[in-house]
Amino acid sequence: MNKKIIIYQVLTRLFGNRNLTLKENGTIAENGVGKMNDFDATVLRRIHELGITHIWYTGVIRHASQTDYSSFGIPQQNPAVVKGKAGSPYAITDYYDIDPDIASNVNERMEEFVGLVSRTHRAGMKVIIDFVPNHVAREYHSIKKPLGVKDLGEDDNTNVGFSPQNNFYYCPGKSFEPYFDKGTYEETPAKATGNDRFDNKPGTTDWYETVKLNYGVDYRDGHHYYFDPIPSTWIKMTEILLFWASKGVDGFRCDMAEMVPHEFWAYATRIVKELHPKILFIGEVYDTAQYHTYIASGFDFLYDKVGMYDCLRGVICGNRPVSSISYLWQSTDDIHAHLLYFLENHDEQRIASDFVCGNGRKAIPALLVSALMRSNPFMLYAGQEYGERGMDKEGFSGIDGRTSIFDYWTVKSIYKGYFDHQNLSEEELFLEKKYQEILKIANREPAIREGEFFDLMYVNPSSDKFNPHRNFTFLRKSGNEVLLIIVNFSDEKMDVEVKIPEHAFDYLNLTEQEVKAVDLLTEQEEKVQLHKDGYFPVQLEPYDGRIYKFKIKMKESEYELNDHNKEEFPPAHTAEHLLNQVMIRMFGCERSNNAHIERKKSKMSFTIDHKPTRQEEKAIEQQMNQLIEDDLPVTYEYVFRNSIPDEVKLDRLPNGASDTIRLVKIGDFDVCPCIGKHVRSTAQIGHFEMLGSNWDEPSHSFRVRFKIIQ
């Protein structure tokens with residue numbers, strides 16, 4: 001099964017912080033800080049159950065900070081060239097080190113990061129980290145570079161402004177003299193500033209805390225390029241990418257990628273992907289004229305900030321008609337699979353802030369469009385799913401509608417969402433549920449993951465039954481499954497009629513027939529006559545949408561399922577599915593090879609590599625009851641054999657099993673072919689109690705005896 005990539009961006013130091021002091025310009029001692037270890041198995045499972053496939057851990061590489069870690073051998077930074085008490089995660093001080101703020105044990109910070117990567121992988125997700133190639137902190141100095149690696153600037157000729165083999169640009173004979181009080185900070189000769197200021201006098205609006213890296217481009221002399229021989233910076237930065245790839249990361253979000261020559265990216269991505277073929281490169285590129293160039297240079301995905309993001313923000317705020325979405329996707333249709341859609345990130349203002357629309361609910365239509373319209377990746381920023389407003393006055397970052405990347409702070413929506421869930425407001429719970437439903441649909445439905453797309457806007461002009469300024473609609477199709485998505489960006493309830501043209505029937509190979517359409521968000525069923533140039537009637541709630549799913553060429557009565565004569569006890573039978581997956585994740589084994597599931601007590605046998613300890617047996621019971629308490633939904637999906645997800649094995653189906661398989665899904669935790677009876681959600685199981693276990697050493701068979709208490 002191809003996964004639709006859904007990325008969850010977290011500012012690592014903020015995510016797990018539970019200190020509610022919230023003092024403006026507070027120190028780490030006053031306001032606290034989140035740690036990598038806050039992402040434990042429970043938190044990661046919660047993130048995964050939101051529909052997430054990748055976590056982007058922002059700010060894990062050591063960057064400039066005003067916090068003193070000199071007792072750990074870490075050089076202290078001059079506060080004059082650090083923005084905020086916590087500092088910017090994009091002012092890197094050591095490319096080979098982990099930021100000490102996010103470590104529970106500073107001396108073991110790299111080991112903690114490797115553990116975080118491992119936990120994330122076990123939770124079923126991949127890891128993305130930042131690669132910041134354009135600039136470093138003013139006082140960059142690596143104390144963790146591998147043996148034999150030379151530091152950036154170590155061999156530079158500082159007597160010249162530019163040399164192809166220098167790592168930095170210099171202002172020979174001039175000291176750093178910014179347009180603000182530099183205190184005791186001294187830098188001679190001054191280096192060029194990260195936002196392409198090639199003099200020694202940056203101002204407060206410049207990236208004054210950073211210095212520009214030199215990739216062999218002489219910006220002072222007509223942008224002349226010196227790429228032969230290979231510049232020193234190319235080699236050093238590629239070594240850094242390989243270092244982090246060796247730690248198990250699955251991708252890099254490359255900061256300000258377009259400020260680095262595309263020739264370097266072609267060089268670096270080729271080398272990295274030869275050794276790590278599955279690793280992803282995501283580029284921050286704002287110049288749409290360069291999209292094709294950077295994709296050709298090895299980028300898998302590019303931010304579509306000035307395209308779809310700006311468009312959807314304008315639509316949400318009522319400044320642009322909804323129909324403009326069609327123009328945006330058409331302008332990049334040939335590379336749409338390489339574009340990353342998003343509604344928030346650390347650079348942009350929160351949707352629910354007073355600077356955008358003041359209400360997270362108003363973005364739901366945009367979520368439906370950006371997550372479901374095409375098969376390309378979608379990203380959300382932690383807290384977005386709770387309507388985080390970003391209206392705090394943290395310190396260096398004032399009230400600007402953004403969550404600060406410069407200050408020590410606790411984001412209340414994240415704090416409540418993951419560590420104080422019972423105190424979420426009704427609105428926050430509503431948004432959380434809506435995001436989870438939509439993102440799960442994005443990955444569950446083949447029509448979204450890999451299906452065809454047909455925009456219906458061109459045949460639905462303004463009328464009493466359709467408003468192209470506030471409504472957007474399209475079709476997705478895979479195999480015999482079709483999705484009709486209709487959204488409402490207005491604050492009014494609307495009755496609309498969506499025209500499906502003859503061309504859509506021809507393009508998608510549809511047939512005229514009566515279908516049973518089910519809204520995947522509400523489970524509401526409608527019988528609709530599909531006719532060429534006919535209309536599909538829909539009732540839309542304010543700031544909401546519908547995802548109607550229907551099948552063509554096959555009626556439900558045509559399903560031929562396997563014979564089944566069992567009379568299971570649904571709670572125990574559902575617990576069987578959970579226990580199978582718990583054992584798989586804890587011990588890396590296969591599903592049970594011998595199971596007797598009954599109402600009073602049940603037994604299941606697994607082949608594993610060692611006899612579990614008492615602590616491990618206790619962990620099995622604890623995890624089972626946590627999954628039950630999480631109240632995961634139990635759902636069904638009918639698929640053809642050739643559409644079975646990769647992780648689902650069919651080797652235990654009976655001989656002569658039909659071509660149509662029923663998959664039973666328990667949240668995003670487990671999926672298994674089964675035709676038995678189950679509860680509707682895990683909370684209905686009751687309490688799981690282990691009665692005992694048996695271990696057979698010769699066969700390495702571990703038998704679990706349990707009962708369900710209701």
Side-chain angles (χ1 to χ4, degrees), residues 25 27-28 61-97 99-101 132-145 149-163 165-215 218-220 232-233 236-237 240 255-256 259 395-396 405-408:
N25 282 312
T27 65
I28 190 171
I61 299 178
R62 180 157 68 83
H63 57 268
S65 165
Q66 294 187 32
T67 301
D68 183 4
Y69 286 100
S70 58
S71 62
F72 295 93
I74 298 172
Q76 189 171 0
Q77 304 291 302
N78 192 304
V81 286
V82 177
K83 290 182 176 179
K85 288 288 192 296
S88 167
Y90 296 97
I92 301 297
T93 53
D94 189 344
Y95 278 120
Y96 291 100
D97 201 1
D99 193 75
D101 276 353
V132 188
N134 176 67
H135 49 267
V136 296
R138 284 267 166 206
E139 296 185 285
Y140 181 91
H141 172 61
S142 177
I143 61 172
K144 291 292 186 179
K145 64 184 187 300
V149 171
K150 289 197 172 184
D151 211 1
L152 289 167
E154 186 174 331
D155 293 332
D156 278 8
N157 177 0
T158 61
N159 296 315
V160 296
F162 168 80
S163 168
Q165 294 304 318
N166 275 358
N167 298 137
F168 299 115
Y169 298 91
Y170 297 92
C171 301
K174 296 181 180 180
S175 297
F176 180 68
E177 296 293 341
Y179 288 108
F180 55 85
D181 183 7
K182 67 172 184 173
T184 60
Y185 180 72
E186 296 293 334
E187 180 182 297
T188 304
K191 301 183 184 75
T193 300
N195 61 323
D196 289 0
R197 282 291 302 262
F198 293 96
D199 58 28
N200 65 329
K201 296 181 181 295
T204 56
T205 59
D206 289 307
W207 304 351
Y208 64 80
E209 81 279 24
T210 68
V211 291
K212 175 86 171 177
L213 283 168
N214 171 8
Y215 285 84
D218 189 352
Y219 292 95
R220 302 181 180 199
S232 165
T233 304
K236 290 180 178 178
M237 298 305 279
I240 290 164
D255 184 68
M256 297 308 299
M259 295 183 75
F396 186 87
I405 66 170
F406 306 104
D407 301 288
Y408 295 113

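The chain is numbered in sequence order, starting from 1. All values below were derived from every heavy atom in this structure, side-chain atoms included, with hydrogens, water molecules and symmetry-related copies excluded.
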Gln66 side chain to Gly84 backbone, donor-acceptor under 3.5 Å: yes
Exam field: side chain Asn200 to backbone Ser175, donor-acceptor pair closer than 3.5 Å: yes
Minimum heavy-atom distance Pro172-Gly161, with the two atoms named: CG-N, 3.5 Å
Val211, Thr210, Asp151 screened by side chain to side chain contact (heavy atoms under 4.5 Å, CB included) with Tyr140, the one that passes: Asp151
side-chain contact (heavy atoms from CB on, under 4.5 Å) evaluation trace for Met256 with Asn195: CA-CA 10 Å; Met256 297 308 299; Asn195 61 323; over 6 Å; no
pair His63-Asp99: side-chain heavy atoms closer than 4.5 Å: yes
Backbone N/O of Phe396 and side chain of Asp407: donor-acceptor pair under 3.5 Å: yes
Full working for side-chain contact (heavy atoms from CB on, under 4.5 Å) between Met237 and Tyr215: CA-CA 10 Å; Met237 298 305 279; Tyr215 285 84; 3.4 Å; yes
Worked verdict on Lys85 versus Thr67 for side-chain contact (heavy atoms from CB on, under 4.5 Å): CA-CA 7 Å; Lys85 288 288 192 296; Thr67 301; 6.0 Å; no
Spatial distance of atom OG (Ser71) from atom CD (Gln76) [nearest 0.5 Å]: 10.0 Å
Pair Ile143-Ile74, side-chain contact (heavy atoms from CB on, under 4.5 Å): steps then yes or no: CA-CA 8 Å; Ile143 61 172; Ile74 298 172; 4.1 Å; yes
Lys/Arg N to Asp/Glu carboxylate O, Asp94 vs Lys144, below 4.0 Å: no
Set of residues satisfying ring pair (Phe, Tyr, Trp, His ring centres under 6.0 Å) with respect to Tyr179, sequence neighbours excluded: none
Heavy-atom pair with the smallest gap, counting every atom of Lys83 and Glu209: CE-OE1, 3.0 Å
Flag, side chain of Thr193 to backbone of Trp207, donor-acceptor distance under 3.5 Å: no
Check: Asp155 and Ser232 side chains under 4.5 Å, non-hydrogen atoms: no
Listed once per pair and sorted, the ring-ring contact (aromatic ring centres under 6.0 Å, His included) pairs that draw on residues 74-94, sequence neighbours left out: Tyr90-His346
Closest approach of Ala86 to Ser65 (non-hydrogen atoms, all atoms of both residues): O-CB, 3.5 Å
Salt bridge (Lys or Arg N to Asp or Glu O under 4.0 Å) involving Glu187 - partner list, sequence neighbours excluded: Arg138
Smallest separation among heavy atoms of Lys182 and Glu177, with atom names: NZ-OE2, 3.4 Å
Residue pair Asp156 / Ser163, side-chain donor-acceptor N/O under 3.5 Å: no
Residue Lys174 excluded, over 12 heavy atoms near NZ under 6.0 Å: no
Spatial distance of atom NE2 (His141) from atom CG (Leu152) [nearest 0.5 Å]: 11.5 Å
Minimal non-hydrogen separation, Leu213 against Pro133, with atom names: CD1-O, 3.1 Å
Heavy-atom check, side chain of Val82 versus side chain of Glu139, under 4.5 Å: no
Heavy-atom pair with the smallest gap, counting every atom of Val149 and Tyr96: CG1-OH, 3.9 Å
Sidechain N-carboxylate O distance under 4.0 Å for Arg197, Asp199: yes
Check: Phe162 ring centre within less than 6.0 Å of Tyr219 ring centre: no
Heavy-atom side-chain contact between Arg62 and Pro75 under 4.5 Å: yes
Between CE on residue Met259 and CG on residue Asp196, distance to nearest 0.5 Å: 4.0 Å
Test item: Asn167 side-chain N/O and Gly153 main-chain N/O as donor-acceptor pair under 3.5 Å: yes
Any donor-acceptor N/O pair, Asp255 side chain to Asn134 backbone, under 3.5 Å: no
No-hydrogen, no-angle side-chain donor-acceptor test under 3.5 Å, Tyr69 and Asp101: yes
